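Remember, it's a predicted structure, so these values are computed and weren't measured experimentally. Ligands are counted one by one from 1 in listed order, and the atoms in each one are counted from 1 as well. Every heavy atom of this structure was used, including side-chain atoms; hydrogens, water molecules and symmetry mates were not.
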Amino acid sequence: MNMEVPEGHPRAESLRIREKLIRGFEMGVVAKAGLIAHGRGEAFDYIIGEETIEPAMNAIRAAVALMLTAEHPVISVNGNTAALVPKEIVELAKLVNAKIEVNIFYHSPERVNAIRRLLEDAGAEEILGIDDQYKTTIPEISSMRRYVDVRGIYKADVVLVPLEDGDRTEALVKLGKKVIAIDLNPLSRTAQWATITIVDNIVRCVPLMCDIARELRGRDRQELGRIVEKFDNRENLKLVIRHILERLSELSKKGIYLPEVSEVFKEMRE
Ligand code: PTJ
């Protein structure tokens, strides 16, 4: 049974995202653990303030510049990504000339097919990671994510990995690939290992990446290279953590931070 999200609900957007994942789960796209992973992401998003903060915006610019200068950029798609932003992923792939590859942690042929169908409905013309004749392994990766496409992640120089588990990011980086992570948790192993970590909700981040790709597409390689060079992931993660610290510090002074709650209590006291 799917819930109709009431328009006026104060958390309508958050509920709509949950509904997308539940539908994705029912379609066989999202793994059970994907629902749990989303909860962890939501908690960090709540703390960050449910907005794209400046360090995330800087990471997005660097990430898009890196993809535009890559020789073989690949977007790795898992269940949550497919359920939440299928059209946007297809658009981004077109804008930065990247391949799309299905690569999942909780592997089954049925799930791969369900994700493929969803991406095709979203307009994807070529999807890697589904045809056994191109399948190979990256032995350094211990999970089922080690099965990759020879035309995709295997030969990629830049891989975008939204909502990732840390092991693969570490392995890909050690293999010399540049990894762009989208992860709301700045402390995760993925966030720490990635070349560029975008600490933002995937539903805000991928449309913004498309906007920036439209803006940067015409720039020359040197200028794009400078954007990438200037970016320092460690420093940027420090800024994210500082944002969280300062926001929580501000909120700790207020106790109740929802203005409407404060008003009601004020009226009751008067
Ligand atoms: O589809 P599969 O089989 O590949 O499985 C996907 C999951 C997500 C289950 C798998 O990759 C996994 O277990 O991931 P983890 O280790 O739970 O990490 C997921 C990370 O994504 C966590 O750090 C969350 O904070 C983060 N996250 C969750 N939802 C979002 C998010 N980051 C950005 N946007 C979100 N909406």
Side-chain angles (χ1 to χ4, degrees), residues 11 13-53 55-56 59-60 63 75-86 88-89 92 100-116 118-119 129-130 141-148 153 159-172 179-194 196-209 237 240-241 244:
R11 307 269 323 142
E13 187 49 29
S14 173
L15 294 181
R16 269 194 289 272
I17 297 171
R18 283 187 179 183
E19 281 303 308
K20 273 192 188 175
L21 283 166
I22 293 167
R23 236 175 297 132
F25 175 70
E26 288 164 353
M27 285 161 63
V29 165
V30 174
K32 249 185 220 166
L35 301 175
I36 299 167
H38 182 72
R40 185 191 298 167
E42 269 186 344
F44 275 99
D45 209 14
Y46 223 124
I47 289 170
I48 285 168
E50 294 176 311
E51 58 172 359
T52 304
I53 58 176
I60 286 174
I75 304 177
S76 176
V77 175
N78 65 2
N80 290 45
T81 305
L84 291 176
V85 281
E88 295 83 349
I89 286 288
L92 179 63
I100 294 177
E101 177 164 341
V102 178
N103 183 280
I104 53 180
F105 188 82
Y106 298 97
H107 192 275
S108 76
E110 293 75 24
R111 277 195 70 216
V112 172
N113 260 322
I115 295 171
R116 175 180 60 82
L118 192 62
L119 290 170
I130 51 180
I141 301 174
S142 54
S143 70
M144 291 298 273
R145 288 199 198 258
R146 69 180 171 277
Y147 295 109
V148 294
I153 291 170
V159 191
L160 171 65
V161 294
L163 277 70
E164 179 69 3
D165 61 292
D167 288 358
R168 182 169 66 140
T169 305
E170 179 181 341
L172 293 178
V179 177
I180 301 165
I182 303 173
D183 192 335
L184 276 160
N185 177 5
L187 310 175
S188 74
R189 295 187 63 250
T190 301
Q192 304 276 314
W193 267 105
I196 298 178
T197 307
I198 307 170
V199 182
D200 196 18
N201 197 320
I202 193 173
V203 300
R204 292 190 299 269
C205 168
V206 182
L208 284 170
M209 290 181 86
L237 282 171
V240 172
I241 294 166
I244 292 174

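- The CD1 atom of Ile115 sits 9.5 Å away from atom CG of Asn103, with the distance rounded to the nearest 0.5 Å.
- Side-chain atoms of Arg116 do not come within 3.5 Å of backbone N or O of Ile130 as any donor-acceptor pair.
- Looking at Arg189 and Asp167, a side-chain N of the basic residue comes within less than 4.0 Å of a carboxylate O on the acidic one, giving a salt bridge.
- Under the 4.0 Å criterion applied to side-chain N and carboxylate O atoms, Glu19 and Arg23 are not assigned as salt-bridge partners.
- When heavy-atom distances to ligand 1 are checked against 4.0 Å, the residues falling inside are Ala33, Gly34, Ala37, His38, Arg40, Gly41, Asn78, Gly79, Ile104, Phe105, Tyr106, Arg111, Arg145, Leu163, Glu164, Asp165, Asp183, Leu184, Asn185, Asp200, Asn201, Ile202, ordered by chain and number.
- Residues Glu50 and Arg204 are not paired through a salt bridge, judged by the lack of any N-O separation under 4.0 Å between the basic side chain and the carboxylate.
- Considering only residues two or more places apart in sequence or on other chains, Glu110 meets the side chain to side chain contact (heavy atoms under 4.5 Å, CB included) condition with Ser108.
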